[in-house]
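First the proteins, then the strands, lettered A, B, ... as listed; each starts at 1.
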Number of protein chains: 2
Amino acid sequence: MTIRDIHLRVPDSCRPKGARDHEKSPLTESIEEYVEGIWRLEQVIPTVGTGEIAQYMGVAPPSVTTMLKRMAELGLVEHIPYQGVRCTEKGEALALELLRKHRLIERLLVDFLELPWDGVHDLACKLEHYISSDVADRIAAAMGNPQTCPHGNPVDATRDDLSVQLSALEPGDRAWVAKITDEREEFLSYLYQIGLIPGAQIEAVGRTPFGDVLTLKVEGREEPVAIGREVMTSLWVHTGRFDRAPEGVVQATADPRT
Amino acid sequence: MTIRDIHLRVPDSCRPKGARDHEKSPLTESIEEYVEGIWRLEQVIPTVGTGEIAQYMGVAPPSVTTMLKRMAELGLVEHIPYQGVRCTEKGEALALELLRKHRLIERLLVDFLELPWDGVHDLACKLEHYISSDVADRIAAAMGNPQTCPHGNPVDATRDDLSVQLSALEPGDRAWVAKITDEREEFLSYLYQIGLIPGAQIEAVGRTPFGDVLTLKVEGREEPVAIGREVMTSLWVHTGRFDRAPEGVVQATADPRT
DNA sequence: CAGCGATTTTAGCCTAACCTAAAAACTGTT
DNA sequence: AACAGTTTTTAGGTTAGGCTAAAATCGCTG
């Protein structure tokens with residue numbers, strides 16, 4: 001009789017991916033990567049479409065379409081076919097937590113393990129999918145709660161980063177005003193006059209060669225307005241190609257100066 | 001015109017698994033897990049078959065058969081259909097390096113990050129597939145070159161561990177004598193008389209209820225011999241169901257006492 | 001307002017892993 | 001030597017996530 005009863009068994013978490021009764025979380029490593037990628041793109045370009053994601057992720061556009069469908073089902077992104085994508089609150093939270101893990105891991109790799117400053121990003125891209133938030137907390141504690149990754153990016157990429165500076169818009173792009181960081185009274189007063197208040201829908205029309213003047217159409221106003229650097233850098237917008245203002249955007253109904 | 005030329009791109013290593021021109025190493029995470037599992041089984045039971053692997057890995061037997069075929073093509077294991085499996089030198093090296101990474105990671109998690117002693121194994125099972133040998137070296141250095149993992153297993157599971165103590169054999173198992181750790185002259189002399197020299201093929205026949213006496217048939221001898229604890233614990237064997245002695249096993253042709 | 005180029009989606013296919021059900025091969029017993 | 005039981009393999013099917021080629025849609029321009 002040959003030996004049968006082995007009391008050895010690999011822990012469940014180490015079993016092969018597609019195994020039988022495997023506790024299958026719908027959030028695969030791939031989906032996490034997509035969410036993080038889409039979120040990052042939103043920070044840099046005002047309009048995130050299938051093509052941009054495909055280019056960024058290094059895959060073919062049809063692969064992105066398929067993934068977007070699944071991610072939309074999971075409630076991670078809002079996707080309007082042929083129009084564009086935007087992370088939902090849930091997707092954003094996932095992306096932010098992933099970024100936190102990523103940046104803390106980089107701290108550990110560079111400061112404690114003394115791995116090369118310019119070589120840790122790729123490894124962190126892998127590891128970020130496997131550590132829990134608790135482990136990330138432990139890393140933070142062990143490294144003295146660092147505020148940034150070794151490359152200077154903030155560990156806590158808070159919700160604010162969802163909006164982009166107005167200067168990121170290109171002619172043709174549409175967006176909703178999110179927040180204004182310059183709170184001088186006369187400045188706010190001027191913005192209110194031209195209708196640039198939180199929740200206002202705008203569309204970039206034209207731009208001067210040096211980019212120092214941007215022409216905007218503002219919802220409900222006939223005449224476009226020309227704005228300069230000062231406004232462009234103090235006014236942050238939510239972007240997307242949607243026909244309605246995204247959830248979570250303040251619909252300004254009263255004087256913003258209150 | 002909408003924005004096209006993004007100069008952002010995810011690093012190649014972060015791209016989705018099956019992507020286009022992805023540098024595809026044939027050694028998938030799954031295959032690494034299988035090799036490690038098979039190697040571990042070899043340490044504990046003398047005969048590793050499809051069923052044992054399936055049970056250990058938590059998958060169905062046909063899945064194992066398929067994987068064994070691929071692993072055999074990669075030169076990681078020798079597989080004789082219906083007979084059994086054994087790691088090759090290459091497979092063994094892979095398993096040993098994987099174990100080293102695993103145990104060093106556990107040290108980092110427990111000693112530096114202060115994660116719970118009984119909870120780090122599963123996480124280490126994941127991470128071991130993603131760190132390079134260089135990173136493992138850096139962990140070893142940062143942790144002061146530990147000799148064992150927190151659970152006492154050696155970081156360097158050297159080649160010696162390939163063999164098992166004779167006492168691991170069950171009636172019906174066959175094996176080849178690998179090495180003898182008790183080198184007293186009279187002991188070796190006795191073993192030589194009964195034919196238990198490196199390379200000798202043996203078969204376990206019977207065992208007393210308390211396991212303190214094992215009856216063996218030795219290749220080329222008619223009469224079985226009864227051996228006790230002293231021999232069982234000093235004599236290490238290579239196991240498997242093969243019809244020939246595995247490569248790397250010394251074929252003793254002369255008096256081993258020289 | 002029709003047509004044309006660019007972008008996105010659909011349709012159909014591939015690979016790595018897994019699975020179940022059925023066939024094949026070994027092994028021990030009469 | 002045949003047969004019955006166990007183990008292993010083969011056969012055929014599923015899912016995740018890629019791919020290419022073709023169809024659909026969008027947006028711009030004559």
query: What is the distance from CD of B:Gln55 to P of D:dT8, rounded to the nearest Å?
result: 11 Å

query: If you measure from the Lys or Arg side-chain nitrogens to the Asp or Glu carboxylate oxygens, is any gap between A:Glu97 and A:Arg100 under 4.0 Å?
result: yes

task: Evaluate the criterion side-chain hydrogen bond (donor to acceptor under 3.5 Å, both in side chains) for residue pair B:His129 and B:Glu29; output intermediate values, then yes/no.
output: CA-CA 6 Å; B:His129 300 290; B:Glu29 187 186 331; 4.7 Å; no

Using atom names, set out every protein N or O paired with an N or O of nucleotides 22-27 of chain C below 3.5 Å, distance rounded to 0.1 Å.
residue: C:dA25; atom: O4'; partner: B:Tyr82; partner atom: OH; Å: 3.4

query: The side chain of B:Lys69 lies closest to which of these nucleotides: D:dT10, D:dT9, D:dT20?
result: D:dT10

- prompt: Do the side-chain N or O atoms of B:His79 get closer than 4.0 angstrom to the phosphate oxygens (OP1, OP2) of D:dT8?
  reply: no

query: Under 3.5 Å, is there a donor-acceptor pair between the side chain of B:Glu42 and the main chain of B:Cys87?
result: yes

Closest nucleotide among D:dA16, D:dT20, C:dT9 to the A:Thr28 side chain: D:dA16

query: What nucleotide, of C:dC18, C:dA16, D:dG18, holds the atom closest to the side chain of A:Ser30?
result: D:dG18

- prompt: How close or far is atom P of D:dA16 from atom CD of A:Glu73, stated in whole angstroms?
  reply: 10 Å

Electrostatic pair B:Glu73-B:Lys69, nearest N-O below 4.0 angstrom: no

- prompt: Choosing from C:dA17, D:dT9, C:dT8, which nucleotide comes nearest the side chain of A:Thr65?
  reply: C:dT8

- request: Give A:Thr66 one of three labels, base, sugar-phosphate or nothing, depending on what nucleic acid heavy atoms sit under 4.0 Å from its own.
  value: nothing

- request: For A:Met67 and C:dT9, give me the distance from atom CE to atom P, rounded to whole Å.
  value: 15 Å

- request: Let me know, please, whether A:Tyr34 or B:Val64 comes out on the 5' side of the other along DNA chain D by nearest nucleotide.
  value: B:Val64

statement: note: A:Asp173, atom CG; D:dG27, atom C1'; distance rounded to Å ~ 14 Å

field: Any B:Thr50 side-chain N or O less than 4.0 Å from OP1/OP2 of D:dT9
entry: yes

task: Grab the CG-P distance between A:Leu74 and D:dA16 for me, whole Å please.
output: 11 Å

message: From CG of A:Leu68 over to P of D:dG18, roughly how many Å is that when rounded to an integer?
response: 11 Å

query: With a 4.5 Å heavy-atom cut-off, do B:Ile38 and B:Tyr56 have their side chains touching?
result: no

- prompt: Whole-Å distance between D:dT9 C1' and B:Ile53 CD1?
  reply: 14 Å

message: Using the side chain to side chain donor-acceptor pair (under 3.5 Å) criterion, which residues pair with B:Thr208? Sequence neighbours excluded.
response: B:Asp212

- request: Find the distance A:Glu29:CD to C:dA16:P and express it as a whole number of Å.
  value: 18 Å

Under 3.5 Å, which donor-acceptor pairs do the side chains of residues 217-225 of chain B form with other protein atoms, sequence neighbours left out?
residue: B:Glu219; atom: OE1; partner: B:Gln201; partner atom: N; Å: 3.4
residue: B:Arg221; atom: NH1; partner: B:Gln193; partner atom: O; Å: 2.6

